[in-house]
Amino acid sequence: MTITAVSLHGVTKRFGEDVVAVDDVDLQIQDGEFFSLLGPSGCGKTTTLRIIAGLEFPTEGSVRIFEEEMGLRPPNKRPVNTVFQSYALFPHMNVADNVGFGLRMQKVDDSEVRRRVGEAIDLVRLTGFEKRSPKALSGGEQQRVALARALVNAPKVLLLDEPLGALDLKLRQTMQLELKDIQHEVGITFVYVTHDQGEALTMSDRIGVMNEGRLAQVGSAEDVYESPKNLFVAGFVGEMCLLPAVVAEPGSVRLSDGEIIRARTSSPKGAEVTLTVRPEKLHIYSTASEAPPNRNALKGSIVRRTFYGESLVYGVQIGSSDSIEVRVENIPGIRRWDVGNQVIIDFHPEAAMALTE
Ligand code: ATP
């Protein structure tokens with residue numbers, strides 16, 4: 001049986017007359033889930049997290065944590081803990097004292113504090129750093145101390161607000177994998193706020209994509225990447241080529257130059273849509289006879305080539321006004337195209353989706 005850790009019903013948060021930061025959000029997060037709230041700056045994800053934490057109260061709607069109505073309960077009376085982007089460690093205390101501070105405030109006895117602090121430090125892989133001052137730690141190590149300080153209280157739900165935001169890319173990627181491992185190890189529910197789609201895709205069991213205070217889609221990483229429900233999700237999660245089109249028949253669309261393309265459609269015949277396809281799902285051939293049969297093929301010419309190291313991205317002009325990008329993995333023997341080459345862009349009908357707002 002699945003147990004719901006956090007549930008939001010009709011949660012709206014207004015600031016003053018004009019700002020609707022969170023707009024009628026319904027959401028259920030399951031026990032043990034790594035759930036990310038993903039969206040652009042200002043979409044309401046931090047406010048949603050703060051409402052779960054009890055740092056803000058909803059204007060309308062309700063929050064339940066493990067089936068208990070939270071009402072106006074303050075943060076320290078909720079079974080949650082929050083890790084923020086700024087670590088706010090006490091500079092005059094060593095690592096172990098920082099981690100154990102909350103337990104000491106609760107008058108937990110010394111031997112218990114030592115045991116739990118030891119476990120938490122071990123969990124975040126900081127054994128040996130107990131006596132260090134925060135000043136003598138790297139950014140990544142400081143963030144681990146902040147994480148240990150939150151985990152030591154054994155919250156049922158850990159709320160994380162862009163905790164890796166201040167770290168450089170390489171360290172962030174390492175910490176993403178470690179955070180996921182730690183979450184597996186402790187088995188508690190993580191609710192993670194980020195604007196970084198790569199981060200959300202790699203770590204989450206499910207993602208809630210937010211736009212203007214609303215949940216645009218909730219699903220697994222694969223769901224939101226492979227089957228975005230609307231143009232906002234398609235454009236925000238990963239890269240996407242967009243071509244204006246009209247639904248010709250169920251299962252096919254007409255591009256601006258009249259070309260018919262097979263695609264996943266749910267809009268009626270005649271509807272104006274945007275044909276979406278991921279750059280890595282497109283292939284380039286020199287002639288139509290080289291391309292596999294029974295797929296979509298578009299004539300184009302290479303207008304740009306960009307080298308990214310692990311891949312190359314070609315800008316391809318399609319017809320008179322449209323252009324798309326094709327990402328090709330940089331592997332030995334792969335054919336390189338030059339600006340001006342006339343090519344065929346090939347893709348599977350399943351890779352193409354016709355979407356609307
Ligand atoms: P970011 O990634 O930039 O932190 P976010 O998605 O977390 O953005 P929120 O911080 O939840 O967004 O803010 C949502 C909206 O509510 C924004 O327009 C913001 O300006 C507004 N807002 C947030 N807190 C307040 C406040 N205390 N008073 C007034 N407006 C606020």
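Start at 1 and go down the list; that is how both ligands and their atoms are numbered. Basis for what follows: all heavy atoms, side chains included, without hydrogens, waters or symmetry-related copies.
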Query raised in the report: Taking 4.0 angstrom as the limit, do E119 and R115 come out as a salt bridge?
Result: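 Yes, this pair counts.
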
Query raised in the report: Within the structure, does E56 bring an N/O atom to less than 3.5 angstrom of an N/O atom in ligand 1?
Result: no

Query raised in the report: Is any N or O atom of G44, backbone or side chain, closer than 3.5 Å to an N or O atom of ligand 1?
Result: yes

Query raised in the report: Relative to ligand 1, is K45 under 4.0 angstrom through side chain, backbone, both or neither, heavy atoms considered?
Result: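 For K45, backbone and side-chain atoms both sit under 4.0 Å from ligand 1.
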
Query raised in the report: For atom 4 (O) of ligand 1, is the nearest protein heavy atom under 4.0 Å away?
Result: yes

Which ligand 1 atoms, with their elements, are less than 4.0 angstrom from a heavy-atom of [X]?
X: V19; answer: 16 (O), 21 (C)
X: P40; answer: 6 (O)
X: G42; answer: 1 (P), 3 (O), 5 (P), 6 (O), 8 (O), 12 (O), 14 (C), 15 (C), 17 (C)
X: C43; answer: 5 (P), 6 (O), 12 (O)

Query raised in the report: Cationic tip of K131 within the cone over F129's six-membered ring, i.e. under 6.0 Å and within 45° of the normal?
Result: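 Geometry flag: not set, cation outside 6.0 Å or 45°.
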
Requested in this report: First locate atom NZ of K180, then atom CE of M175, and finally report the distance between them rounded to the nearest 0.5 Å.
Outcome: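 Reported value, rounded in 0.5 Å steps: 15.0 Å.
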
So which heavy atom in the protein is nearest [atom], and how far is it from that ligand atom?
atom: atom 13 (O) of ligand 1; value: T47 OG1, 3.7 Å
atom: atom 10 (O) of ligand 1; value: T46 CB, 3.7 Å
atom: atom 23 (C) of ligand 1; value: F15 CE1, 3.5 Å

